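Below: one structure, written as structure tokens.
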Protein chains: 2
Amino acid sequence: MDKTLLKLKALADRNRFRIFGALTQYEELCACQITELLQVSGATVSRHLGILVTAGLVKSRKESRWVYFALDEGCDEMDNILDWLLPRLRLSDQIQADLEVLDGIMAVSREDLCRQQRGEACCPVQKKEKADG
Amino acid sequence: MDKTLLKLKALADRNRFRIFGALTQYEELCACQITELLQVSGATVSRHLGILVTAGLVKSRKESRWVYFALDEGCDEMDNILDWLLPRLRLSDQIQADLEVLDGIMAVSREDLCRQQRGEACCPVQKKEKADG
DNA sequence: TATATAATTAGTTGTATAGCTAATTATATA
DNA sequence: TATATAATTAGCTATACAACTAATTATATA
């Protein structure tokens, strides 16, 4: 398919748009961190990430059992689409809310995050919402 | 919905992408000309155009029975997305082919175009493909 | 070497949407 | 004023795809 159309289709989904937005803020994110942000199954996140990678918007890096994702600026003239997207991401309520939530997610170790995700809530981190403090 | 996501969704369809590409080349195009380009039903084109207008990417102007469509640069910072899109549209085989076909379409009066479209092929313009000359 | 685990892939289901034809609307003209 | 016509809207169908759970793969560790 047309590469440009492929990129547009990749970004034209709320959850992939959110992933992209998150990756503009952090150097790289682990699959489990993105899963925590979107609150959908890991399988779904994996598929979304695959679509973004195929479109050339995101790249991945495997480190032992963990896989990290980042914007793929190198591949295409990404900064160019970022010129258009970045100001808009900053105006998006959804993306702004996500960045706040990500703040909290990044404060938790990936191990704890994954433990929580498979229902083994170990620590007093029961609620994922900020405890209003 | 998020305005940016709305625009991405609007452009993330092959036919709407083609309409947008066509409108970057011509000041404005009549609905029937776009119908001729895409070779789908007028109803389908009308719906696609509606989606582009709702997204703020395209504007319309009614003149008697004809409706003309053009890029809606005024509304948003369109030039900005055009910075990203224009070079890519030039690299798209689909869009380039469309522009050649449009050349031929623009040479026919809208009246004849519509006559053809409802099967009243009046003139010797039976085939829409270029007669290889 | 067997078990645990992070991620992906396979297989399924429900929803969204692109396409069609038919009906309707708005405008021009006989 | 009745008819023709460009475009839109309504109603329908088929396909695309986002989500899930279950199964599989790849890596680490007991």
Side-chain angles (χ1 to χ4, degrees), chain A residues 1 5-6 8-19 28-55 58-69 105 108-120 122, chain B residues 1 5-6 8-19 28-55 58-69 105 108-120 122:
Chain A
M1 193 200 312
L5 192 53
L6 199 66
L8 288 168
K9 277 176 186 283
L11 287 170
D13 169 83
R14 171 165 299 274
N15 280 336
R16 291 195 293 271
F17 183 69
R18 293 173 68 191
I19 293 172
E28 60 181 11
L29 290 171
C30 169
C32 66
Q33 291 167 328
I34 297 171
T35 300
E36 187 65 21
L37 173 66
L38 300 187
Q39 294 286 307
V40 293
S41 78
T44 297
V45 168
S46 184
R47 207 170 45 69
H48 280 315
L49 285 165
I51 290 168
L52 287 166
V53 168
T54 300
V58 163
K59 62 186 174 186
S60 70
R61 174 177 78 81
K62 186 160 191 174
E63 185 178 310
S64 84
R65 265 179 304 190
W66 310 87
V67 181
Y68 295 92
F69 296 88
I105 291 174
V108 181
S109 77
R110 290 161 322 206
E111 286 80 2
D112 281 351
L113 218 51
C114 288
R115 247 190 295 279
Q116 281 176 231
Q117 282 171 11
R118 30 176 228 276
E120 300 175 22
C122 52
Chain B
M1 194 198 315
L5 192 53
L6 200 67
L8 287 168
K9 277 177 187 281
L11 287 170
D13 169 85
R14 171 165 298 275
N15 280 336
R16 289 194 296 270
F17 183 70
R18 292 173 69 191
I19 293 172
E28 59 181 12
L29 290 171
C30 169
C32 65
Q33 292 166 328
I34 296 171
T35 299
E36 186 65 21
L37 173 66
L38 300 188
Q39 293 287 305
V40 293
S41 77
T44 296
V45 167
S46 184
R47 208 170 43 71
H48 280 316
L49 285 165
I51 289 168
L52 286 166
V53 168
T54 300
V58 164
K59 63 187 172 185
S60 70
R61 176 177 77 81
K62 186 158 191 175
E63 185 178 311
S64 82
R65 265 179 305 193
W66 311 85
V67 181
Y68 296 91
F69 296 87
I105 292 174
V108 181
S109 77
R110 290 160 322 200
E111 285 80 2
D112 281 352
L113 218 50
C114 289
R115 248 189 295 279
Q116 280 176 232
Q117 282 171 11
R118 30 176 226 276
E120 300 175 23
C122 52

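Computed from a prediction, not measured in an experiment: that's the story for all the values here. Protein chains get the first letters and strands the later ones, always in sequence-line order, with residue 1 at the start of each.
Atom CD of B:Gln117 is separated from atom P of C:dC20 by 12 Å (rounded to the nearest Å). Rounded to whole angstrom, the span from the CG atom of A:Leu38 across to the P atom of C:dA7 amounts to 13 Å. Atom C1' of nucleotide C:dT9 and atom CD1 of A:Ile51 are separated by 13 Å, given to the nearest angstrom. Atom CG in A:Leu11 sits roughly 12 Å away from atom P in D:dA18 (whole-Å rounding). In this structure, CD of A:Glu36 is placed 13 Å from P of C:dA6, rounded to the nearest angstrom. Between B:Asn15 atom CG and C:dC20 atom P the separation is 9 Å, expressed in whole Å. Between the CD1 atom of A:Ile34 and the P atom of D:dA19 there is a distance of 14 Å, rounded to whole Å. B:Leu49 has its CG atom 11 Å from the P atom of D:dT9, to the nearest Å.
Atoms CG and CG, on A:Leu8 and B:Leu11 in that order, are 5.5 Å from each other to the nearest 0.5 Å. Rounded to the nearest 0.5 Å, atoms CG (A:Leu113) and SG (A:Cys32) are 5.0 Å apart. To the nearest 0.5 Å, atom CG of residue A:Leu5 and atom CZ of residue B:Phe17 are 5.5 Å apart.
Looking at A:Thr54, its side chain does come within 3.5 Å of a backbone N or O of A:Gly50 through a donor-acceptor pair. In this structure, B:Arg18 contributes its side chain and B:Ile34 its backbone to no donor-acceptor pair below 3.5 Å. Using a distance-only test at 3.5 Å, with no hydrogens or angles considered, no donor-acceptor pair links the side chain of A:Glu36 to the main chain of A:Ile105. Of the possible donor and acceptor atoms, one in the side chain of A:Thr35 sits under 3.5 Å from a partner among the backbone N and O of A:Ala31.
Using a 4.5 Å heavy-atom threshold, the side chains of B:Thr44 and B:His48 count as touching. Side-chain contact between B:Gln116 and B:Val108: present, with at least one pair of heavy atoms (C-beta onward) separated by less than 4.5 Å. Side-chain atoms of A:Gln33 and A:Leu37, non-hydrogen and from C-beta on, never get closer than 4.5 Å to each other. Two residues are said to be in side-chain contact when any heavy atoms from C-beta on lie closer than 4.5 Å; A:Glu111 and A:Trp66 meet this criterion.
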Next item on the list: Check the pair A:Arg47 / A:Ile51 against side-chain contact (heavy atoms from CB on, under 4.5 Å), numbers first and verdict last.
Entry: CA-CA 6 Å; A:Arg47 207 170 45 69; A:Ile51 290 168; 3.8 Å; yes
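Of the candidates C:dA18, D:dA19, D:dA7, the closest approach to any side-chain atom of A:His48 belongs to D:dA19. Listed nucleotides C:dA18, C:dA7, C:dT5 differ in distance to A:Arg118; the shortest reach to its side chain belongs to C:dT5. For A:Val67, the side-chain atoms get nearest to C:dT8 when compared with the rest of C:dT8, D:dA18, D:dT8.
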Next item on the list: Take nucleotides 25-30 of chain D nucleotide by nucleotide from the 5' end and write B, S or -, depending on whether a protein heavy atom sits under 4.0 Å from the base, only from the sugar-phosphate, or from neither.
Entry: -SBS--
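Phosphate contact (OP1/OP2 of D:dA18, side-chain N/O of A:Arg16, threshold under 4.0 Å): present.
Where A:Lys9 and B:Thr35 meet DNA chain D, the nucleotide closest to each residue was compared, and B:Thr35 sits on the side nearer the 5' end.
Paired regions of DNA chain D, where each region holds three or more successive Watson-Crick or G-U pairs whose two hydrogen-bonding distances fall under 3.5 Å, are C:1-30 with D:1-30.
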Show the distances under 3.5 angstrom between N or O atoms of the protein and N or O atoms of nucleotides 20-23 of chain D.
| from | atom 1 | to | atom 2 | distance (Å) |
| --- | --- | --- | --- | --- |
| D:dC20 | OP2 | A:Ser41 | N | 2.9 |
| D:dC20 | OP2 | A:Ser41 | OG | 3.0 |
| D:dC20 | OP2 | A:Thr44 | OG1 | 2.8 |

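When heavy atoms are screened at a 4.0 angstrom cut-off, B:Phe69 is found touching the sugar-phosphate backbone but no base atom.
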